[in-house]
Amino acid sequence: MSERANMSRQPLFRSFTHSLFMSTSVRVRFAPSPTGPLHIGGVRTALYNYLFARKMGGKMLLRIEDTDQNRFVPGAEDYILESLRWVGIEIDEGQGSGGPHAPYRQSERKDIYQKEAQRLVDEGKAYYAFDTAEELDAMRKRLEEANAPAAQYNAITRMQMRNSLTMKPDDIRARIDAGEPYVIRLKTPRKEEVRLNDIIRGWVNVHSSAIDDKILLKSDGLPTYHLANIVDDHLMGITHVIRGEEWLPSAPLHVLLYRYLGWEDTMPQFAHLPLLLKPEGNGKLSKRDADLGGFPIFPLQWTDPVTGQVARGFREDGYLPEATVNFLALLGWNPGTEQELFTMDELIASFDLAQVHKAGARFDIQKAQWFNHQYVRQRPDAELAPIVQQQAEVAGFTCSAEKAEKIAALLKGRVNFARDIFNEATTLFQAPASYDDAIVAAKWNEDAKRAVTVFRDALRSFEGDFVADTIKNTLGDAMQQAGIKQGKIMQAMRLALTGLGAGPDLMLTMEIIGKGETISRLETALATLVAPAN
RNA sequence: GGCCGAUUCGUCUAGCGGUUAGGACAUCGCCCUUUCACGGCGGUAACACGGGUUCGAUUCCCGUAUCGGUCACCA
């Protein structure tokens with residue numbers, strides 16, 4: 001008795017403090033299930049929660065919803081934490097950060113849910129059910145054959161099933177004492193209109209007859225999502241539940257639960273976010289789309305601990321966190337202005353739940369690439385340099401920090417991904433091993449040969465700083481003296497130096513490879529290339 | 001199928017009774033340039049359909065269609 005009283009005191013106390021804080025402080029939570037890598041849609045949900053929390057000066061919580069022991073995947077929780085950290089979502093309270101409502105892992109809060117479920121049973125708002133999986137199947141089959149509107153365990157069918165509403169009290173006690181497995185089901189009212197005012201969607205009405213007698217507590221003693229999320233949101237003082245649209249159909253059930261648990265006056269407000277859809281075709285975005293389209297739908301790379309299969313991640317694919325966030329933020333929300341590029345602080349400043357779009361958004365990786373392009377070109381050269389340097393070293397070249405920085409400056413505006421800078425820069429490390437045949441045929445003629453020869457000679461006697469400006473002057477003067485129109489021979493010059501017909505600024509290219517290498521490449525070209533037959 | 005939700009250029013979206021229906025991505029063209037890009041400028045391109053309400057509907061209401069979600073001892 002005293003133990004029981006003691007147990008119920010804590011939640012009551014929390015409930016009281018909760019209502020005190022309610023009016024002054026927004027508290028939101030991101031509550032993923034550690035069943036694998038966090039989907040990019042989950043990251044967006046977390047982001048919207050975070051933006052809202054920061055905007056309102058509130059708190060962002062992280063709760064791990066691991067009430068399904070069968071679906072537990074090792075490493076998934078760490079993956080979630082690391083993903084949020086990578087995109088820059090800071091957790092104020094919760095798993096990994098601690099806080100006054102610990103533990104934040106639902107599997108460690110078992111007793112709390114059991115007590116609340118028991119309370120509902122005691123108050124006649126829920127009941128024990130002993131039906132086996134086979135009996136449930138049989139019931140559904142029977143109802144389907146009878147063309148019942150809905151094959152569900154509800155106010156009508158519950159009286160034909162094996163539960164504490166149909167069985168004798170002694171029998172019930174005996175079965176429980178004997179350890180027979182049972183679940184606790186919500187006694188959903190037969191006729192009742194359940195209303196809910198969604199921040200994004202407005203009023204949503206559902207008749208209770210459409211809600212079945214949901215299982216609240218499973219036979220393994222753990223709660224289902226429905227019970228756990230209500231109990232925790234209440235105890236943790238959550239003021240706004242911002243989650244995916246897939247929860248909208250069960251939201252009325254949640255309202256009912258708040259009511260039955262006696263917490264309706266402090267019930268959080270709901271906001272159901274639109275879903276992320278496949279780039280083309282029907283349905284929601286899935287891993288299959290990622291494999292097919294060759295793009296990531298997970299924030300970080302993930303290796304399945306069982307199959308060893310690797311799923312690509314935004315981070316490993318070269319997306320910058322700020323680009324990922326910017327892209328995600330605008331997938332379903334927009335401030336109504338024409339601004340496209342936002343820092344996290346700017347997102348926070350302009351974010352508004354009421355402006356979240358209602359319809360699902362197709363996932364368009366091209367837009368993500370464009371955002372990445374914007375952020376790559378904005379990045380200081382010094383920050384891009386180490387990436388270039390590392391790739392160069394992996395490829396077997398030596399590359400000074402200075403050179404890497406120059407390369408970054410030369411190429412960052414041309415690429416979508418930082419790693420493509422090096423891919424476009426190979427001619428800056430290596431003399432051409434071959435020459436583009438089409439360009440040779442079109443541009444390598446007597447004038448070109450003479451131009452390259454004259455320029456080489458000019459460089460041999462060149463003194464001073466070998467930089468773009470002086471190189472340009474040297475080339476210009478040499479061509480003028482030789483009576484050659486510069487425009488006519490530039491592609492041949494590029495061909496001689498890089499073997500290619502296209503590329504970044506040639507003067508800067510020469511500056512980066514240096515005078516000696518420039519002369520050497522020109523000589524090699526003169527020795528190797530023959531003019532076409534005419 | 002029942003229930004819930006949604007529906008503006010190919011895509012992301014602005015619009016909240018009267019607009020030449022705006023922006024961005026993509027696409028096309030032009031300019032810039034030694035080239036390819038980048039960048040700049042410009043073009044093509046949308047209110048799902050049918051009824052109402054209204055002097056007037058992209059906007060409000062009702063149907064239809066289509067799409068999405070959901071109907072587990074998963075979240």
Side-chain angles (χ1 to χ4, degrees), chain A residues 31-35 42 65-68 70-71 106 129 131-133 136 140 144 147-153 181-185 198 200-202 204-207 209-212 214-226 228-229 243-252 272 274-275 277-280 282-284 327 330-341 355 357-371 373 377 411-415 424 439 443 472 475 485-495 498 500-507:
Chain A
S33 173
T35 53
E65 309 229 328
D66 57 346
T67 55
D68 185 356
N70 301 319
R71 293 210 304 162
Q106 290 186 327
D131 316 274
T132 64
L136 289 170
R140 288 190 192 108
E144 271 164 33
N147 269 322
Q152 55 184 24
Y153 206 121
Y182 66 92
V183 301
I184 290 179
R185 283 182 183 270
D198 188 277
I200 296 168
R201 285 149 211 286
V204 178
N205 301 311
V206 179
H207 195 82
S209 61
I211 304 169
D212 60 354
K214 278 275 175 315
I215 291 176
L216 265 22
L217 200 74
K218 299 182 280 183
S219 58
D220 63 2
L222 283 162
T224 56
Y225 169 84
H226 304 296
N229 113 81
R243 70 215 319 186
E245 192 187 350
E246 70 267 29
W247 293 109
L248 195 52
S250 54
H272 289 93
L275 263 24
L277 271 23
K278 289 179 185 299
E280 48 200 42
N282 301 153
K284 63 177 173 181
F327 166 64
L330 259 35
L331 218 47
W333 167 83
N334 146 341
T337 67
E338 286 181 355
Q339 184 176 357
E340 298 281 338
L341 264 21
Q355 277 173 312
H357 201 66
K358 294 185 179 76
R362 278 190 194 279
F363 187 82
D364 179 13
I365 199 66
Q366 287 194 121
K367 193 104 180 204
Q369 288 170 358
W370 178 78
F371 276 114
H373 169 74
R377 61 193 299 235
L411 292 165
K412 69 177 180 181
R414 301 165 60 91
V415 300
E424 295 229 347
I439 307 297
K443 303 288 180 183
K472 190 177 178 123
L475 177 66
K485 261 191 109 178
Q486 203 176 321
K488 291 263 190 190
I489 52 82
M490 282 308 288
Q491 265 203 286
M493 199 64 75
R494 176 181 294 284
L495 176 79
T498 68
L500 304 173
D505 186 276
L506 244 199
M507 305 307 150

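All chains are named by letter (A, B, ...) in the order of the sequence lines, taking the proteins before the strands, and each is independently numbered beginning at 1. Hydrogens, waters and symmetry mates play no part in the numbers below; they use all other heavy atoms, side chains included.
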Do [X] and [Y] make a side-chain contact, defined as non-hydrogen atoms from C-beta onward lying under 4.5 Å apart?
X: A:R201; Y: A:L248; value: yes
X: A:K214; Y: A:D212; value: yes
X: A:D505; Y: A:K472; value: no
X: A:M490; Y: A:L506; value: yes

Counting only side-chain heavy atoms from C-beta out, which of [options] sits nearest to [X]?
X: A:R377; options: B:A14, B:C73, B:C38; value: B:C38
X: A:H373; options: B:C4, B:G39, B:U34; value: B:G39
X: A:T67; options: B:A75, B:C71, B:C73; value: B:A75
X: A:D68; options: B:U35, B:C4, B:C74; value: B:C74
X: A:R140; options: B:C38, B:C73, B:U35; value: B:C73
X: A:A361; options: B:C74, B:G39, B:U13; value: B:U13

Suppose you measure atom [atom1] in [N] against the same atom in [M]; what distance do you get, rounded to whole Å?
N: B:C16; M: B:C73; atom1: C1'; value: 46 Å
N: B:A57; M: B:U8; atom1: C1'; value: 14 Å
N: B:U27; M: B:A48; atom1: P; value: 26 Å
N: B:G51; M: B:G56; atom1: P; value: 15 Å
N: B:G1; M: B:C60; atom1: C1'; value: 32 Å
N: B:A24; M: B:C41; atom1: P; value: 9 Å
N: B:A6; M: B:U13; atom1: C1'; value: 15 Å
N: B:A26; M: B:G10; atom1: C1'; value: 8 Å

So what does [X] touch, heavy atoms closer than 4.0 Å: a base, only the sugar-phosphate, or nothing?
X: A:A359; result: sugar-phosphate
X: A:L506; result: base
X: A:G244; result: nothing
X: A:D131; result: base
X: A:N229; result: nothing
X: A:G487; result: nothing
X: A:H272; result: nothing
X: A:P223; result: sugar-phosphate
X: A:R71; result: base

Quick check: on RNA chain B, is the nucleotide nearest A:P504 upstream (toward 5') of the one nearest A:V204, or the reverse? Name the residue that is more 5'.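 Nearest-nucleotide comparison on RNA chain B picks A:V204.
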5' priority, RNA chain B, between A:L331 and A:T224 [closest heavy atom]: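 This one resolves to A:L331.
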Whole angstrom value for the distance that separates [atom2] of [N] from [atom1] of [X]:
X: A:K214; N: B:C74; atom1: NZ; atom2: P; result: 12 Å
X: A:D212; N: B:U70; atom1: CG; atom2: P; result: 15 Å
X: A:Q355; N: B:A14; atom1: CD; atom2: P; result: 8 Å
X: A:H207; N: B:G5; atom1: NE2; atom2: P; result: 15 Å
X: A:Y225; N: B:A75; atom1: OH; atom2: P; result: 10 Å
X: A:E144; N: B:C71; atom1: CD; atom2: P; result: 15 Å
X: A:H226; N: B:U70; atom1: NE2; atom2: C1'; result: 10 Å

Just to verify, what does A:N205 make a side chain to side chain contact (heavy atoms under 4.5 Å, CB included) with, not counting sequence neighbours? A:E193, A:R195
Apply side chain to side chain contact (heavy atoms under 4.5 Å, CB included) to A:A31 and list each qualifying residue two or more places apart in sequence or on a separate chain.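 By the side chain to side chain contact (heavy atoms under 4.5 Å, CB included) rule, A:A31 matches A:R29, A:R63, A:E65.
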Side-chain ([X]) to main-chain ([Y]) donor-acceptor, under 3.5 angstrom:
X: A:R377; Y: A:V415; result: no
X: A:D198; Y: A:H272; result: yes
X: A:D66; Y: A:Q106; result: yes
X: A:T67; Y: A:L222; result: no

Tell me the partner of [N], counting only Watson-Crick (N1-N3 plus N6-O4 or O6-N4) or G-U wobble (N1-O2 and O6-N3) with both under 3.5 Å; none if nothing fits.
N: B:A45; answer: none
N: B:C9; answer: none
N: B:A26; answer: none
N: B:A14; answer: none
N: B:A37; answer: none
N: B:U20; answer: none
N: B:G68; answer: B:C4

Below 30° counts as parallel, above 60° as perpendicular, anything between as tilted: where do the rings of A:W247 and A:H226 land?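 Plane angle over 60°, so perpendicular.
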Does [atom1] belonging to [X] count more than 12 external heavy atoms closer than 6.0 Å?
X: A:Q355; atom1: CD; value: yes
X: A:K218; atom1: NZ; value: yes
X: A:K278; atom1: NZ; value: yes

Which residues satisfy the ring-ring contact (aromatic ring centres under 6.0 Å, His included) test with A:H373, sequence neighbours excluded?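 Residues passing ring-ring contact (aromatic ring centres under 6.0 Å, His included) with A:H373: none at all.
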Check nucleotides 66-69 of chain B for protein N or O atoms closer than 3.5 Å to its own N or O atoms and list the pairs.
from, atom 1, to, atom 2, distance (Å)
B:G68, OP1, A:G283, N, 2.8
B:G69, OP1, A:K284, N, 3.3

N/O contacts under 3.5 Å, protein versus nucleotides 44-50 of chain B?
none

Passing candidate, side chain to side chain contact (heavy atoms under 4.5 Å, CB included) with A:L330, options A:K367, A:E340, A:H357, A:Q339: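 Among A:K367, A:E340, A:H357, A:Q339, the one meeting side chain to side chain contact (heavy atoms under 4.5 Å, CB included) with A:L330 is A:E340.
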Contact list (N/O, under 3.5 angstrom) for nucleotides 21-28 of chain B vs protein:
from, atom 1, to, atom 2, distance (Å)
B:G22, O2', A:E338, OE2, 2.8
B:G23, O4', A:E338, OE2, 3.0
B:A24, O4', A:E340, OE2, 2.9
B:A24, O2', A:K367, NZ, 3.4
B:A24, N3, A:K367, NZ, 2.9
B:C25, OP1, A:W370, NE1, 3.2

